[in-house]
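Being a predicted model, the structure only gives us computed values, none of them experimental. Chain letters run A, B, ... following the sequence lines, proteins first and then strands; every chain starts at 1.
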Amino acid sequence: MMMIECPWCGKRDQSEFTAHGEAHIARPLDTFGLSDQQWGDYVFFRSNPKGLHYERWVHSFGCRQWFNVARNTATDEVYASYKPGEAKPIIKATTSRAKK
Amino acid sequence: MNKYSIFNLARQAKNYHQNWQAAWRSPEPKKHYDVVIVGGGGHGLATAYYLAKECGITNVAVLEKGWIGGGNTGRNTTIIRSNYLWDESAALYDHAVDLWGGLSQELNYNVMYSPRGVLHVAHSVHDLQEIGRRGNAIHLNGIKSKFMTPEEIVKMVPYMNLDCRFPVMGGLFQQLGGTARHDAVAWGYARAADALGVDIIQNCEVTGFDIKGGTVKGMATSKGKISADKVGVVVAGHCSVLADMAGFRLPIESFPLQALVSEPVKPCVDQVIMSNGVHAYISQSDKGELVIGASSDLYTSYTQRGGFDVIEDTLQAIVELYPALSRMKMLRQWGGIVDVTVDRSPILSKTPVDNLFFNCGWGTGGFKATPGSGHVFAHSIAEGNMHPYAAPFSIDRFNSGALVDEGAASAVAH
C-alpha cells in the first residue's frame, strides 16, 4: 500500500487521495492566438514517463488541499511532496530505462 | 508446421507425444526486415500474421521484450463484445467479432472462443438511459443484442441479488459476446505467423530508434541493431516510453488494472455479467475459476501490481450482487499496465516519424479487438495508408477535436 505525505496532514494512506496527472503544465496565456495543434497538445498530450514523475494530488478524504508529489512510476516509490507554487524538487532518481 | 488434428494426435500418441515440433522457432534476429513489429502480444502477433498471410510481406520480425503472452494478452479477463456506441467503434470491434468466429479453424489452434453472451446490468435510471441509447445505436449498426427486464434477468441469472443496495433495473444482452482463451490467442497467432516465415524473437527489448531525416530506418535492441523499412509499435502500456524514444508524446496515461480468479468450482456463471454502476464484472473460465475484473488504479504507474483497496471495492460489489459467492476463496491476483486515452478509444495511426506506425491506447479493453486490430493494422502498414476502419482512430483526432467518445461503453468490461 502506497503512503503519501500530505504537506498539511502528514503521511496518510493513498486511498485518501486522488491523483490528477502531470504537474507543472501551465495554461497558455495567449488563448486566442493558439492553434488547434497547440490546444490539443496542452489539453491531451502527456509525457507519461516510466520513472520520475511530478504529479498533482488532492487530499480528497482529508483536508481537500491540492499539492504536488514526485514519485517513481516504475516502483511507486514516493520521493517528495510539496505545496503548489513551489519549484520542483531535484530528485536524484534514475528511470528504469536509464538503469539498464 | 505439424498440423493439429485428431489423426496427428493419434499418430503422436504412438510415440508417447515425444515428437511434436515446437510451436514456433526461436531464431536470432536478421540484420534487416521489411517490417518489424515491436511487441509480441496478441495485437502485434496478429498484425504480423495478417501481414504475412494477406499482404504478402513475410520478411517480418516480432520483437518481444519478455515472452509471448506474458504482457496484457495473458493478464486480461478474456471478454469479447462489440456493443460500442459510435459507428467508428462498432465497425472496428464488430470486425473483430466477425474474425473471432472462424479464428480457431484459420489458425489451426483452438482459441476456445465461446460466444456465451455478455450482459450489462443497469442500477439506476441513468444506467437504463445509457444502455437504452447505446442499445439502440448498436441495433442500428446491425449488432445483435436485446434489452432485458429484471424478470428476464432473474430467469437467466437466478443467483443474482436484484434487490441489492443499488437494485438491478434492467440490462442489455449481446448474444455473440463471450470469452476466448487469451494464451491460446497469442500462441495460435505466433504459431501461424511463424509457419508463414515471420521471425518471433523473444527476450529482445527495443532500446532506441534509428531515425534519419524524419524517417525510421531501424532500431537498437538488446540483441543488436536491426534495420527495417517500416516499424509498427504495438506495446500497450509502454507506448509512451517507445514514443519518447522516437521523440514525440502521446495523449496517453498508463495505469495498473487488476484482475483476480477464484478457486475452480463447477459451472455456475454461464454468461459474462458486468455492471458499470457498481463496477463489478464476472465470468467463469472453462477450468471453473471465477474471473473477476477490478477497476484500474486511479494514478499512473508501470508497476504490474495495483492497490488492495481497489480489489476490496470490487469484491464488495461482487458479494452484494452475488451473495452466494461470499465464501469463495480467491487464488490469484495480478495487474497489467493499460494505456488509456481520454476518449477511451484506441490509437491506430501514422506518427510524426515516417514509416513508424503506432497501435496503442486500447486502454482497459483491447483483448476483444485482437484479430480486428491486427487485421486493419497489417493492411495499414502494408499500404502505408490507414485502413478505413482504422482511419478515425488517428492520433490527429486529439488536435482536430474529432474524438470517438466511448467513456460509457468501455468503462468496465475488459
Side-chain angles (χ1 to χ4, degrees), chain A residues 1-4 12-25 28 34-61 66-79 81 93-100, chain B residues 65 205-208 220-222 235 237-245 247-256 296-313 335 337-343 345 347 351-352 360-361 394-403:
Chain A
M1 191 66 84
M2 198 158 77
M3 301 291 283
I4 293 173
R12 313 289 294 201
D13 192 282
Q14 164 263 316
S15 58
E16 288 187 16
F17 299 89
T18 322
H20 285 267
E22 191 172 340
H24 304 290
I25 300 176
L34 246 51
S35 65
D36 287 354
Q37 194 68 34
Q38 289 166 315
W39 267 124
D41 289 351
Y42 161 67
V43 175
F44 296 124
F45 286 72
R46 295 291 178 264
S47 57
N48 194 26
K50 183 175 185 178
L52 180 60
H53 191 219
Y54 296 95
E55 55 194 4
R56 300 182 307 151
W57 286 76
V58 60
H59 197 178
S60 316
F61 302 101
W66 288 77
F67 60 100
N68 293 331
V69 169
R71 180 174 61 97
N72 187 334
T73 58
T75 60
D76 280 349
E77 187 182 352
V78 178
Y79 296 124
S81 302
T94 49
T95 65
S96 66
R97 257 178 68 203
K99 257 190 257 172
K100 281 184 183 150
Chain B
K65 164 172 84 164
E205 181 176 5
V206 171
T207 52
T221 75
S222 53
V235 297
H238 280 69
C239 53
S240 296
V241 177
L242 273 284
D244 184 44
M245 290 178 198
F248 56 91
R249 295 192 304 167
L250 291 172
I252 278 178
E253 291 186 303
S254 298
F255 299 90
S296 54
D297 284 61
L298 297 175
Y299 51 88
T300 63
S301 179
Y302 288 86
T303 61
Q304 289 174 317
R305 294 195 294 265
F308 280 118
D309 52 325
V310 175
I311 296 179
E312 189 179 5
D313 286 349
I337 302 306
V338 296
D339 45 344
V340 177
T341 58
V342 70
D343 61 359
S345 285
I347 294 171
T351 65
C360 59
S394 151
I395 200 167
D396 297 335
R397 74 179 189 270
F398 297 93
N399 294 107
S400 71
L403 302 182

Review point. Pick from B/Gly307, B/Ser240, B/Pro256: which one has the most heavy-atom pairs with chain A under 4.5 Å?
Key: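 Heavy-atom pairs under 4.5 Å are most numerous for B/Ser240.
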Review point. Given a strict heavy-atom distance threshold of 4.5 Å, which part of B/Ile252 is in contact with chain A: side chain, backbone, both, or neither?
Key: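 Contact with chain A is through both the backbone and side chain of B/Ile252.
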Review point. What residues, two or more places apart in sequence or in another chain, satisfy side-chain contact (heavy atoms from CB on, under 4.5 Å) together with B/Phe248?
Key: B/Ala243, B/Ala246, B/Leu250, B/Thr351, B/Pro352, B/Val353, B/Leu356, B/Phe358
Exercise for review: Could you list the residues that satisfy side-chain contact (heavy atoms from CB on, under 4.5 Å) with A/Leu34, not counting sequence neighbours?
Suggested key: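 Scan of A/Leu34 (side-chain contact (heavy atoms from CB on, under 4.5 Å), adjacent residues dropped) gives A/Pro28, A/Gln38, A/Trp39.
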Point to revise | A/Arg71 and B/Ser301: CA distance, side-chain angles, deciding distance, side chain to side chain contact (heavy atoms under 4.5 Å, CB included) verdict | key: CA-CA 9 Å; A/Arg71 180 174 61 97; B/Ser301 179; 4.1 Å; yes
Check your understanding: Among residues 13-20 of chain A, which ones touch chain B with a heavy-atom distance under 4.5 Å?
Key ->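 Residues of residues 13-20 of chain A touching chain B at under 4.5 Å: A/Gln14, A/Ser15, A/Ala19.
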Check your understanding: If contact means a heavy atom pair closer than 4.5 Å, which residues of residues 394-402 of chain B contact chain A?
Key ->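 Contacts with chain A: B/Ile395, B/Phe398, B/Asn399.
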Exercise for review: Count the heavy atoms belonging to other residues, nucleotides or ligands that lie under 6.0 Å from CZ of B/Phe308, then report whether that count exceeds 12.
Suggested key: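 Not buried by this count: 12 neighbours or fewer within 6.0 Å.
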Practice item. Could you tell me which non-hydrogen atom of B/Glu253 sits nearest to which non-hydrogen atom of A/Glu22, and how far apart they are? Key: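 In terms of heavy atoms, the two residues are closest at OE2-N, 4.1 Å.
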**Study point:** Nearest atoms (heavy-atom pairs only) where B/Pro251 meets A/Phe45
**Key:** CD-CE2, 3.4 Å
Practice item. Kindly compute the distance separating CG (A/Asn72) from OH (B/Tyr302), expressed to the nearest 0.5 Å. Key: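 Here the rounded value is 11.5 Å.
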Revision key, fill the gap. OG1 (B/Thr303) and CD (A/Glu77) are apart, to the nearest 0.5 Å, by 12.5 Å
**Study point:** Beyond-backbone contact of B/Thr300 with A/Arg46, side-chain heavy atoms, under 4.5 angstrom
**Key:**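 When only atoms from C-beta onward are counted, A/Arg46 and B/Thr300 do not touch, as no gap falls below 4.5 Å.
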Practice item. May I ask you to test the A/Val69-B/Tyr299 pair for a side-chain heavy-atom distance under 4.5 Å? Key: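 The answer is no; the side chains never approach within 4.5 Å.
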